[in-house]
> 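Attaching a single structure in structure tokens format; questions to follow.
Letters go in sequence order (proteins before strands), and every chain restarts at 1. All figures in this text were calculated on a predicted structure; none of them were measured in a lab. The analysis underlying the following values was restricted to heavy atoms, covering all of them including side chains, and did not include hydrogens, waters or symmetry mates.
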There are 4 protein chains.
Amino acid sequence: LTVRPIAGVFAPITTPFAGGELDRRGLDANIRRYLASTLDGLVLLGSNGEEPLLDEGECDTVIEIARAAMPRDRWLVAGTGHESTRATIAATRRAAATGADLALVRTPSFFTEAMTDAAFVAHYEAVADAAPIPILLYNVTVFTGVSLTKDAVARLWHHPNIAGLKDSTSDVGAIAELVADAPPGFAILAGSSPGFHACLCAGAVGAVLGSAAVCPDLHTELVACVRQGHHDAARAIQARLMPLSRLIGPRYGVAGLKKAVELAGYASGPPRLPLLPVPDEALPEFADALAAVGIDVRQREERDP
Amino acid sequence: LTVRPIAGVFAPITTPFAGGELDRRGLDANIRRYLASTLDGLVLLGSNGEEPLLDEGECDTVIEIARAAMPRDRWLVAGTGHESTRATIAATRRAAATGADLALVRTPSFFTEAMTDAAFVAHYEAVADAAPIPILLYNVTVFTGVSLTKDAVARLWHHPNIAGLKDSTSDVGAIAELVADAPPGFAILAGSSPGFHACLCAGAVGAVLGSAAVCPDLHTELVACVRQGHHDAARAIQARLMPLSRLIGPRYGVAGLKKAVELAGYASGPPRLPLLPVPDEALPEFADALAAVGIDVRQREERDP
Amino acid sequence: LTVRPIAGVFAPITTPFAGGELDRRGLDANIRRYLASTLDGLVLLGSNGEEPLLDEGECDTVIEIARAAMPRDRWLVAGTGHESTRATIAATRRAAATGADLALVRTPSFFTEAMTDAAFVAHYEAVADAAPIPILLYNVTVFTGVSLTKDAVARLWHHPNIAGLKDSTSDVGAIAELVADAPPGFAILAGSSPGFHACLCAGAVGAVLGSAAVCPDLHTELVACVRQGHHDAARAIQARLMPLSRLIGPRYGVAGLKKAVELAGYASGPPRLPLLPVPDEALPEFADALAAVGIDVRQREERDP
Amino acid sequence: LTVRPIAGVFAPITTPFAGGELDRRGLDANIRRYLASTLDGLVLLGSNGEEPLLDEGECDTVIEIARAAMPRDRWLVAGTGHESTRATIAATRRAAATGADLALVRTPSFFTEAMTDAAFVAHYEAVADAAPIPILLYNVTVFTGVSLTKDAVARLWHHPNIAGLKDSTSDVGAIAELVADAPPGFAILAGSSPGFHACLCAGAVGAVLGSAAVCPDLHTELVACVRQGHHDAARAIQARLMPLSRLIGPRYGVAGLKKAVELAGYASGPPRLPLLPVPDEALPEFADALAAVGIDVRQREERDP
């Protein structure tokens, strides 16, 4: 395994489709392009990878393609969370066998009211015990409607096979509370684009951000600014990311991210139903947001009509 | 297909496990016992059937066992909703091939903010177009966190392959609004135990209720009371159902229903993780609630220690 | 006091303004017109009466005008709920002194997370102990964001000075649970227009509905239908009320109700800021909704241009 | 008026009661003690000041006492938000006449669904136009259940009499979005204790924090650390504030703050009903949380039994 710490910038990459099916060649090309950036790792099969819309075989293939392309000095993280503990364990084992370094395990959530601290602790302990690779807890309330509380996390963070937590909330108070008490080495990763800089200030060691799949180096630059204490520069980068964050977050979600990476020159394709593609009338907004992060879509369109 | 209208009482039955695996014999026995009741149909692979915790092969087996046991004069309904439209279509086709009469298709919900009326309409039209059997829309906000609005339903209810809607809300105003405008023959089924009687009054033609898997004939009796205008008697039955409804609903959910059917003598077993079983200290509450619906657990325990 | 039971239809009337100030003459005329209907009572100073936007003197004046106009055989109910227990007691005492028969006391709600069952019980016991007239508990989550639970209500319903509960939820399951256990004589009033008929079926003895301030006799007719077991007729009236319910509920709220009563010929005027008036482009929708309940706005406009 | 910028640390002080009535002498003593600290200003009549539970005369008295005690080089801020625009204007005028420097105007919220961007803009423009002193917008969703969106704020921030915004959210992404686009001189103040440090990093110029009423100098020290780029030291102070933040926030709210300031030696007294006092069994937790911020309650108790 890599000796790089779990820190820095991770891009949760999209799953390109061609004719509605997994675009293997496009995925391979995307990954090779990401490897030319300064990213610390890639997250496959996350929400932005449309994992809930892929079948088991497609999931395996995505990891295989990434493993073949990726050297061991970057993190290959795979989303393996399912509703049942046993399916989560099975997916984590398959991911490990296929070459994933780390598993990002989102909370189960369907049986909302039953998702108590006790249920989460039982679930994650069973998964961590059975997983051949370290796991990251993953709290993503915007999608799941449930919250992994600090109390539950604190009952799990000493487990030797639980390496950290990705928390997609932009409630920086919650992040700061975790940081204040977490044991050394427990990696806390942020997941909110608009709160990226502030979560790093609060003590998150890195972030998994959809926007990092669009303009990866701007994200690692922001991390470097923070590490060097250049907060005004970091805030300036954060401000440039804002319009993009809105489009790929609350506004258009995964469909927005797929449109943004497509405009940035990556293989993409529309998301699968029931996700609807971004309507054409939103393209000027995307062009503006990409221009703010240094990607000139309009010039490219003129060049390649 | 059955000529019985889609109406009356449907029991969303649980999936019995033995040693953590599907208890085929137990399931068969349960279904045969349900067939001795006056139920109008059984729903397999619903939330109460722990469908999100079963694998594809188990789902197929559940339908096969039911089809083998059930005559054509009761409805065999199968839950087939998945996050992606294509997986939903695939599951519906498999259920039809295995013998289901009707598919109950819950809304996708993971990509919460993207689940607009337009997305739901696109999803359900594609599923209904492709389904070899009629489908029922299924709105179950308590689990999904999303709402299928009346506007979306009204864009779907004329589709020839969409037979109706199960709405698990106990917002009877929403049910009444649907009833007021729905085309003739569009079956509106309630899904709230505490609101059972009132939803029938509002014009629902039937209901799919977990409690019907515990004491089915009490439910068909309530329907008969309403049809005959005996509302005081119906309200009295409703009052008897209340303590059970609480235990299998907000209090313990699916785990509660599995405990109740177990105490009522059906094959059951604990739910799968991350669902936790009902704690032993709750058993007296269950005994009281079952006594209220005419099931004497305490006497049985004395008989069969 | 009246010997009429607390039951039937209560109209929560609006507060007419002229030039931004209380329109005393208009209010008096409105009340006299309502008294010509078959309403069982009037609710003054409710949400629909814009009580949170009135000052103390205006509140007193509203009750005075109503008392002067109303005979003792209808219920004069006044909203007296404030955030602090002592202000609620003071307002209830003033209302009683000015002639109110009953006080409708909505839950305090500003300190949301502190509004536990224990806090509500302490509040209502203190108010009921001090009130010179009986009080009604009032749960109106849509405005307050807090819920008065059944457990809290059950700790209060034996208090000799607590006469009942208005619950504005359209969660008919919650109403049915209250009905199942409430002591005899504890009046449960519904507050949801779309769920009016169903809540009566569930056992509510009456309702306080904004729509009753527009077409009162249609509401008492629905109650009569239910009492006589004519549920198809009741459901037909309910269906006629639906478009109006939407406009004065989720769509335009209090501003919608003020527009509807204005179109029905009552003194009205726009609501106070920050409530915005209904935009003119919505008037055709209002005309349609009023036509459905038998009020022909278009003809009137032709007559009185 | 003061020439100090609107920045730094503001303590939203509590309202002490003695025998249930305003403790004027205690309030005066508290304010004089706060003035011995390095606080930039005091906020009177905020949520923590139980403003919703005070009457108009008490509100006036609180400002009078503060004005008499406070020199002009600290900000005297008064909460003046009411449900109606006209009551808000009246309260702001009275506060100005009594000596307040700035008005903190929380959003109206009772008519939840009507609180659109348009309603908020109309409300705040009317208040700002009429106010003799500058106003601060105030978004406090935890209490109000409504959100003042960035779009609404952006339509208000050029108004010459709107000096800034206090946003109590700990959604640092929302703060960062405001900072990215706000005009120079528009003061953005944070209101979340756990997110204090991170919100400053995101560009907030100061904060209004209940915890600052307990240990004011620790808060100004944190601000100084941030200004000097000493983020590790700032994070260390933030960690020390966490247990106190929990007790006076989600755990016990205003009652918790009143207990904490009491233990810190200020005049206090229990909150008014319906707020319930902190139970005695919570005192050891308070002692621990206060010890973490350097206030030794246990030693004091030994000294003054």
> Which one of B:Glu177, B:Met242, B:His197 has the most heavy-atom pairs closer than 4.5 Å to chain C?
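That would be B:Glu177.
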> If I measure from the heavy atoms of chain B, does C:Asp181 come under 4.5 Å with its side chain, its backbone, both, or neither?
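The side chain, not the backbone.
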> Check for a donor-acceptor pair, side chain of B:Arg235 on one end and backbone N or O of C:Cys201 on the other, with a separation under 3.5 Å.
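Yes, the answer is positive, given that a donor and an acceptor are paired below the 3.5 Å cut-off.
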> What are the two closest heavy atoms between B:Ala176 and C:Pro194, and how far apart are they?
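Closest approach of B:Ala176 to C:Pro194: CB-O, 3.5 Å.
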> Could you name the residues of residues 244-261 of chain C that have a heavy atom within less than 4.5 Å of a heavy atom in chain B?
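If one takes a 4.5 Å heavy-atom cut-off, the residues of residues 244-261 of chain C near chain B are C:Arg246.
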> State, to 0.1 Å, how close C:Ala198 and B:Ala202 come at their nearest heavy-atom pair, and which atoms those are.
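Between these two residues, the closest heavy atoms are CB-CB, 4.1 Å.
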> Name the option with the most non-hydrogen atom pairs under 4.5 Å to chain B; the candidates are C:Asp171, C:Thr169, C:Asp232, C:Val179.
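Between C:Asp171, C:Thr169, C:Asp232, C:Val179, the count favours C:Asp171.
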> Non-hydrogen atoms of chain C under 4.5 Å away: do they reach the side chain of B:Leu200, the backbone, both or neither?
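When you check distances to chain C, only backbone atoms of B:Leu200 fall under 4.5 Å.
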